[in-house]
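The structure appears right after this line, and notes come after that.
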Amino acid sequence: MDSLRRSALLLLVLRAAAVSRSGAEPLLDVAVDRFDLPRHCPRDVETGDFVRYHFNGTFFADGQKFDSSHDRGKAFVSQVGLGSLIAGMDRGLRGMCVNERRRITVPPHLAFGSVGTGGVIPADAVLVYDVLLLDIWNTEDKVEIRTLYKPKSCKRTTAASDFVRYHYNGTLLSGVAFDSSYSRNTTYDTYLGQGDLIKGMDEGLLGMCVGERRTVFVPPFLAYGEEGHGTLVPPQATLVFEVLLIDVFNPKDDLIVVVKEAPEGCARRTATGDYIRYHYNGTFQDGTAFDSSYQRNSTYNTYVGMGYVIRGMDKALQGLCMGEKRRITVPPHLAYGEDGVGELIPGSAVLVFDIHVIDFHNPKDPVEIKVTHKPQDCKVTSEADDLIQYRYNCSLMDGTLLYSSEQFDSPSTTTLGADQVILGLERGLGGMCAGERREVVVPPHWGHGEDGAGGVPGSAVLFFELELVQLQKGVPEGYMFVWLGDGPDPLFPAMDLNGDKEVPLEEFSSFIMIQVKEGNGRLRPGVDADSIIRDMFNNQDRNADGKIVEDELEQQEDEEVRRDEL
């Protein structure tokens, strides 16, 4: 309100104060007493505006009430300055603010004059109106939007045919609340531009970003008009909505995939039928988190393209590299749809996943072996029954080190083919020569399977760096000694080194060690040679008299061959 208007009203107040109740001096103009002013007045009443207000009407002479909108339980609605009201009220309401209280004193010539009206207002009556202004609007008004907050990054804004989810507080222009989505603890979800909302909100929600806050002022003719709505929105009410946009999508939307980090040298990408392990953070579009594999300290494991996850994720998991990071935005028709999931995922929610691929494999994958160094002299290679020493580092595919032979004082030792290590490592160690180095990728069905093992997650692909340190050729399972060619024939004379027709333990031991030294035979590696030879001798010394004679070397009929015999 400008200073000239305030000065004019002040003169009216002073003029009214000079009039006594005796009527000794007639009231020449409307007197206005602004006894309760709001702190903020963004708009005041002008000629042509429509107003909604409550009032009590009394006679100036005796204070007797002649009318009251409060008693009727309904605010009064009229247009100002165009003859719809008595002239005194037309003048007295101008310049008024919403929530302002005024006392307007109207002389007879600006009220009902010397005639009065309807037996209620007598002739020459001075009328006093105590007014509370509730609303102002004009037929030229449009939806007014005041942006309270707008995110710095806004790649998409709402448009007609979009589906939106938003929170709001709804008040009348006077500040009286009539509805709130917050009180129901659920967003308001609807399509834009399809007539599902009042016209003013359909317009007021256009061009919003997720996370944006705005205040939307809707004039009555773009809201509920002359009918109002229920008991809380009166007829001809301007509505004020404070809106927070939570979500937006369009039924035609597809996945949005943004690659955040792509590893170099991606030789293989995920495909239908692969089994993948990945970490993820799941949020709604406004950044509110709803789930995270990191919080559980466990990857999410599933098959790709086989319907074990929501359709959008099934599609998004195609074509990924190990170690890749992506942000995936999934519209609800490719996620949990209109129903959502309990209290975790609201209906019609857009989901945003930040994923990090740890590893993947296919159930048909073999063990992958890459030789990184091979000595020039590589004539003897490892095979089943060999005793080997090797160094190793065992990691997950993301580089997380699980185990290392460096943790121990000496290289690891195993006998190939004896089920002492996982099958994939067994295969990776086969065919190596001493000094050779390899990188071996072991899928879980060749490793620790779905259950994992101490420190190894379930369904984990393992990466081994191997070096064969030492190789001792072995003997078949169950044998203590094998001939590397044809043994002596006849055998006993060869064993009887001194020719006395009997072979004691010492002579037997000397014979065996000669065969090993000359490369004619091999003892089981990794076992004490004296113990092996003693066991072999005892098995040949059938009568246990401390010596072997020629008859004891001959196999008896129906006697099973023993593997620790010669």
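Everything numeric in this text was worked out from a predicted model, so none of it was measured. Below, all heavy atoms of this structure are taken into account, side chains as well, without hydrogens, waters or symmetry copies.
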*asked:* If the condition is side chain to side chain donor-acceptor pair (under 3.5 Å), which residues does His54 pass it with, not counting sequence neighbours?
replied: Ser69
*Do you know which two heavy atoms are closest between Thr238 and Pro220, and how far apart they sit?*
OG1-CD, 3.4 Å
*Count the heavy atoms of every other residue, nucleotide or ligand shown that sit under 6.0 Å from CZ of Arg213, and state whether that count exceeds 12.*
no
*So how far is it from Leu172 CG to Leu134 CG, rounded to the nearest 0.5 Å?*
8.5 Å
*For His356, which residues count as a side chain to side chain donor-acceptor pair (under 3.5 Å) partner, sequence neighbours excluded?*
none
_For Tyr278, give me all partners under ring pair (Phe, Tyr, Trp, His ring centres under 6.0 Å), at least two apart in sequence or on another chain._
Tyr300
_Arg269, Lys364, Arg268 screened by salt bridge (charged side-chain N to carboxylate O under 4.0 Å, His left out) with Asp274, the one that passes_ = Arg268
_Heavy atoms of other groups near Tyr182 OH, more than 12 under 6.0 Å_ = yes
_Whether Trp137 and Phe50 hold their rings parallel, tilted or perpendicular, with breakpoints at 30° and 60°_ = parallel
*asked:* Give me the atom names and distance for the closest heavy-atom approach of Ala460 to Leu396.
replied: CB-CD2, 3.9 Å
_Below 30° counts as parallel, above 60° as perpendicular, anything between as tilted: where do the rings of Tyr166 and Tyr188 land?_
tilted
*How are the rings of Tyr275 and Tyr303 set to each other: parallel, tilted or perpendicular (split at 30° and 60°)?*
perpendicular
*In a check of salt bridge (charged side-chain N to carboxylate O under 4.0 Å, His left out) between Asp354 and each of Arg327, Arg326, Lys260, which one passes?*
Arg327
*Rounded to the nearest 0.5 Å, how far apart are CZ of Arg277 and CE of Met322?*
9.5 Å
*asked:* Run the side chain to side chain donor-acceptor pair (under 3.5 Å) test against Asp36 and tell me which residues pass, sequence neighbours left out.
replied: none
*What residues form a ring pair (Phe, Tyr, Trp, His ring centres under 6.0 Å) with Tyr224, not counting sequence neighbours?*
His229
*Does CZ in Arg156 sit with more than 12 non-hydrogen atoms of other residues, nucleotides or ligands closer than 6.0 Å?*
yes
_Side chains of Asn281 and Ser292: any donor to acceptor distance under 3.5 Å?_
yes
_Within 6.0 Å of CD in Glu338, more than 12 heavy atoms from elsewhere_ = no
*So does Arg94 pair up with Asp49, basic N to acidic O under 4.0 Å?*
no
*With sequence neighbours excluded, residues passing side chain to side chain donor-acceptor pair (under 3.5 Å) with Asp314*: none
*Result of checking Val461, Asp359, Ile358, Val357 against Asp398 for side chain to side chain contact (heavy atoms under 4.5 Å, CB included)*: Ile358
*Has Asn297 got more than 12 heavy atoms of other residues, nucleotides or ligands less than 6.0 Å from its CG?*
no
*Within a reach of under 6.0 Å around CD of Gln318, are more than 12 heavy atoms found that belong to other residues, nucleotides or ligands?*
yes
